[in-house]
Enquirer: 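Just passing along the structure, written as C-alpha cells.
We count ligands from 1, going down the list as the structure has it; atoms in each ligand are counted the same way. Just so you know, these numbers use all the heavy atoms, side chains as well, and skip hydrogens, waters and symmetry mates.
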Amino acid sequence: MTSKNQLELLHKECRKCKECSLAETRTNVVVAKGNPDAEILIIGEGPGEQEDITGFPFVGRAGKMLDSALNSVEIDPLEDCYITNIVKCRPPNNRKPSLEEVKSCIPWLDKQIDFLDPKIIVLAGSTAVESFLNIKQPISKIRGEWIEKDDIKVMPIFHPSYLLRNPSKEPGKPKWLTWQDLKKVKKVYDSI
Ligand code: URA
C-alpha cells in the first residue's frame, strides 16, 4: 500500500476516535488539509469553532492569517504544505488542550508524520512546541531557530492567533518576526 493510501486509512480511523472526552463535544474530527506529498508539515494547537464545524484545520480567522503569512514568502498553503493540529478535536470554548488530551491524541500525529515523511515541520505556537518537542519555553524565546528532530528540520513560529492580536508589521514586532522565520523556511524549502 502506498503511504498516501495508508494516510487516507489513518484519517478514516482517526475520524472515529473516542480516546478522550473531546469526542463527546466535537462536531467533527479535524484531521488535516493540504497536500499529502508536501515536504512541509504545519502543526497548530487544536481546532477552533470553524474548524470543528467544517472538519478542516485553519479555516477560520487564524487560518486566513496563516495563509497570508505563508503567501508572503511564496509558500502555497495547500500545494506546498500539509496542515494539522496537535489535538484533532476542538477543546470546548477553545481552551488549551489538557496534557491527557494531548497524550491520547499525539499517536495520530506520530503516524501522520510516519506516512508523510516531511522534511520541514513548522510548529505554530507554544502548545505545538511543548507537545511535539517536549520543550517548555516561551515561544518568544524559541521561535525563529531551527531545531533538528529525527532528521526533520523543525521551525517554531508564533501562533497566527497571536498575530491577529498583534497586527503591527513594524520591524521587531511578532508579525515581522514571523515573516523572517518563514523566509528561513522558504530558503530551506527551496534547497531541498
Ligand atoms: N488554531 C489552531 O491551532 N488550529 C486550527 O486548526 C485553527 C486555529
Enquirer: Of all the atoms in ligand 1, which lie at a distance below 4.0 Å from a heavy atom belonging to Pro57?
Expert: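 Those qualifying, in numeric order: 6 (O).
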Enquirer: Students should be able to answer this: which protein heavy-atom is nearest to atom 4 (N) of ligand 1, and at what distance?
Expert: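 Answer, as residue, atom name and distance: Asn85 OD1, 2.8 Å.
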Enquirer: Any donor-acceptor pair under 3.5 Å linking the side chain of Lys184 with the backbone of Gly144?
Expert: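 Indeed, once roles are kept as given, a pair shorter than 3.5 Å links the two residues.
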Enquirer: Is there a polar contact, in the sense of an N or O pair closer than 3.5 Å, between Phe58 and ligand 1?
Expert: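 Between Phe58 and ligand 1, an N or O pair is found under 3.5 Å apart.
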Enquirer: Under the salt bridge (Lys or Arg N to Asp or Glu O under 4.0 Å) rule, what do Lys153 and Asp151 come out as? Steps first, then yes or no, please.
Expert: CA-CA 7 Å; Lys153 285 183 159 297; Asp151 280 336; over 6 Å; no
Enquirer: Looking only at protein heavy atoms, identify the closest one to atom 2 (C) of ligand 1 and say how far it is in Å.
Expert: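 Checking every protein heavy atom, the shortest distance to atom 2 (C) of ligand 1 gives Gly46 O, 3.1 Å.
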Enquirer: Just heavy atoms, cut-off under 4.0 Å: does Glu51 contact ligand 1 by side chain, backbone, both, or neither?
Expert: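 Glu51 to ligand 1: side-chain contact only, backbone stays beyond 4.0 Å.
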Enquirer: Is the closest heavy atom of His159 to ligand 1 under 4.0 Å?
Expert: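 Yes, that is the case, since the closest heavy atom of the residue is under 4.0 Å from the ligand.
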Enquirer: Show which atoms of ligand 1 fall inside a sub-4.0 Å distance from at least one heavy-atom site of Gly44.
Expert: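 Reading through ligand 1 atom by atom, the close ones are 3 (O).
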Enquirer: List the steps and the verdict of salt bridge (Lys or Arg N to Asp or Glu O under 4.0 Å) for Lys103 and Glu19.
Expert: CA-CA 10 Å; Lys103 268 195 191 152; Glu19 284 296 315; over 6 Å; no
Enquirer: How far does CD1 of Ile83 sit from CG of Leu66, to the nearest 0.5 angstrom?
Expert: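 With rounding to 0.5 Å, CD1 (Ile83) is 5.5 Å from CG (Leu66).
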Enquirer: Going from CG on Leu116 to CD on Glu39, what distance comes out if it is rounded to the nearest 0.5 angstrom?
Expert: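 Answer rounded to 0.5 Å: 10.5 Å.
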Enquirer: Between Glu130 and Lys96, is there a salt bridge with N-O shorter than 4.0 Å?
Expert: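 Judged by the 4.0 Å cut-off on N to carboxylate O distance, Lys96 and Glu130 do form a salt bridge.
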